[in-house]
Amino acid sequence: MIQNDPQMAELLQAEADRQANSLTLIPSENHASPDILAALSSVLSDKYAEGYPGKRYYPGNEVADKVENLARDRAKALFGVSNVNVQPYSGSPANLAIYCAICEPGDAIMGLNLLDGGHLTHGWKFSMTSKFWKSVPYHMKADGTIDLDEVRRLAQENKPKVIVCGGTAIPRAIPFAEFARIADEVGAYLLADISHIAGLVAGDQHESPVAHAHLVMTTTHKTLRGPRGAMIMVTQKGLDKDPELAEKIDKAIIPGLQGGPHLNNIAGIGIALLEASKPEFKDYAAKIVSNAKVLSQELTTHGLKLVSGGTDNHLILVDLTPTGPGRGLFADLALERVGLIANRNMIPGDPSTPFYPSGLRLGTPAATTRGMGETEMKQIANWISQVIDHIKDYQLPTEKEARLALIKQFKESLKTDAWYDALRSEVKEMCGKFKVPGISQIP
Ligand code: DSN
């Protein structure tokens, strides 16, 4: 509790109110438990511990060593790997560290194109990962599945050092075995970026990549429901390819890229891993997926088009092009107006641009954490379809001035159009019935 900074205390309360009274449908967000939030705000935040357990560059790390070892051991047990680094500050430095560990500057790296659902650090043209290494992006097919024929062709042509599978907007299961076959054919490392689905892997709702990939990385705050952070895991297959792989990863993190680990975060990750090892977490992961399936079926029933026609996981990508290209911005702003927080997103083959994409990305991890189920998913689909129908006449102009003018007019309408008020009240009322775990009371 903040006692001596009323301005900051007020802002934090405002964020708690926002989270409690609206519904997070961004698939990469979740609500961590009170225990994890307690670890984050603990005195571990004050301590320097550069190095690794048993080999630190600072004194006073007896507790830090135990914290880090506990987190590492829990990760090893949960994911079935022998080496885990829990120090990456987040997913981007984790991926950078992996490339630094296994590639020379200029080597080819292959990842899913950002606009097709990849990540910046999978080699996007404006990411440093494409400046330091030669990026060879592969793509998604219009049906929402990965073009594995293209992956194989590009891999054979470019002989990449690493192939990355995984991404940020993939509604279907990731075919790890097929990726592994291709990587093995060309002698590449296979890196599975399971940031979005780590909780589903831990909860047995998605195949584990551990038998297929040499390296597995994940952020810790998405479906895994921990604090913001990341982990890099080296599999037995990775050690068979290079017995020094784990040491190389550790060295790439420190001294390669990072300084002192964020011990408060590592403690939070440890708690998240304990939570994820419990039987209730399997139920949670199963519910994330069943909720996403209900939500996708209902959206379809309401006439919305989904990339790949549905979902295998926690994520749904709505294709808004049947009513016009580039309308994701209107959808995400209008949904925010009623308290449904979902983000605009590119769709495969998007006719528009990243700032004005044609898709809407939805996910069920946070709503499921709050205890919502089938009834609520049906209600949410109903609200989303009403909002999208209400804004159908807003078509994105191609000319810049006209576009900016229309967006301004649209934002004004969100303030003045009373139509939204009833839905906003309904969303708030439903949210009031489902607590956010880290917020003690609905304000
Ligand atoms: N920004 C994350 C997401 O929303 O998927 C990926 O890092």
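Atoms within each ligand, like the ligands themselves, are counted from 1 in listed order.
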Next on the checklist: With a sphere of 6.0 Å drawn around CD of Glu374, does it hold more than 12 non-hydrogen atoms of other residues, nucleotides or ligands?
Outcome noted: no

Extract all N/O-N/O pairs under 3.5 Å that connect ligand 1 to the protein, and present each with both atom names and the distance rounded to 0.1 Å.
residue: ligand 1; atom: 4 (O); partner: Ser28; partner atom: OG; Å: 2.7
residue: ligand 1; atom: 4 (O); partner: Arg361; partner atom: NH2; Å: 2.8
residue: ligand 1; atom: 5 (O); partner: His196; partner atom: NE2; Å: 2.7
residue: ligand 1; atom: 5 (O); partner: Arg361; partner atom: NH1; Å: 3.0
residue: ligand 1; atom: 7 (O); partner: His119; partner atom: NE2; Å: 3.0

Checklist entry - Looking at Ile102, Asn83, Ile98, which hits side-chain contact (heavy atoms from CB on, under 4.5 Å) with Leu245? => result Ile102

Item to check | Modelled atom types, side-chain donor and acceptor of Thr369 and Tyr284, under 3.5 Å | outcome: yes

Item to check | Residues Lys76, Asp73: salt bridge by 4.0 Å N-O rule | outcome: yes

Item to check | Heavy atoms from other residues, nucleotides or ligands near OH of Tyr48 exceed 12 (cutoff 6.0 Å) | outcome: no

Checklist entry - Taking atom CZ of Arg228 as the centre, does the number of heavy atoms from other residues, nucleotides or ligands within less than 6.0 Å exceed 12? => result no

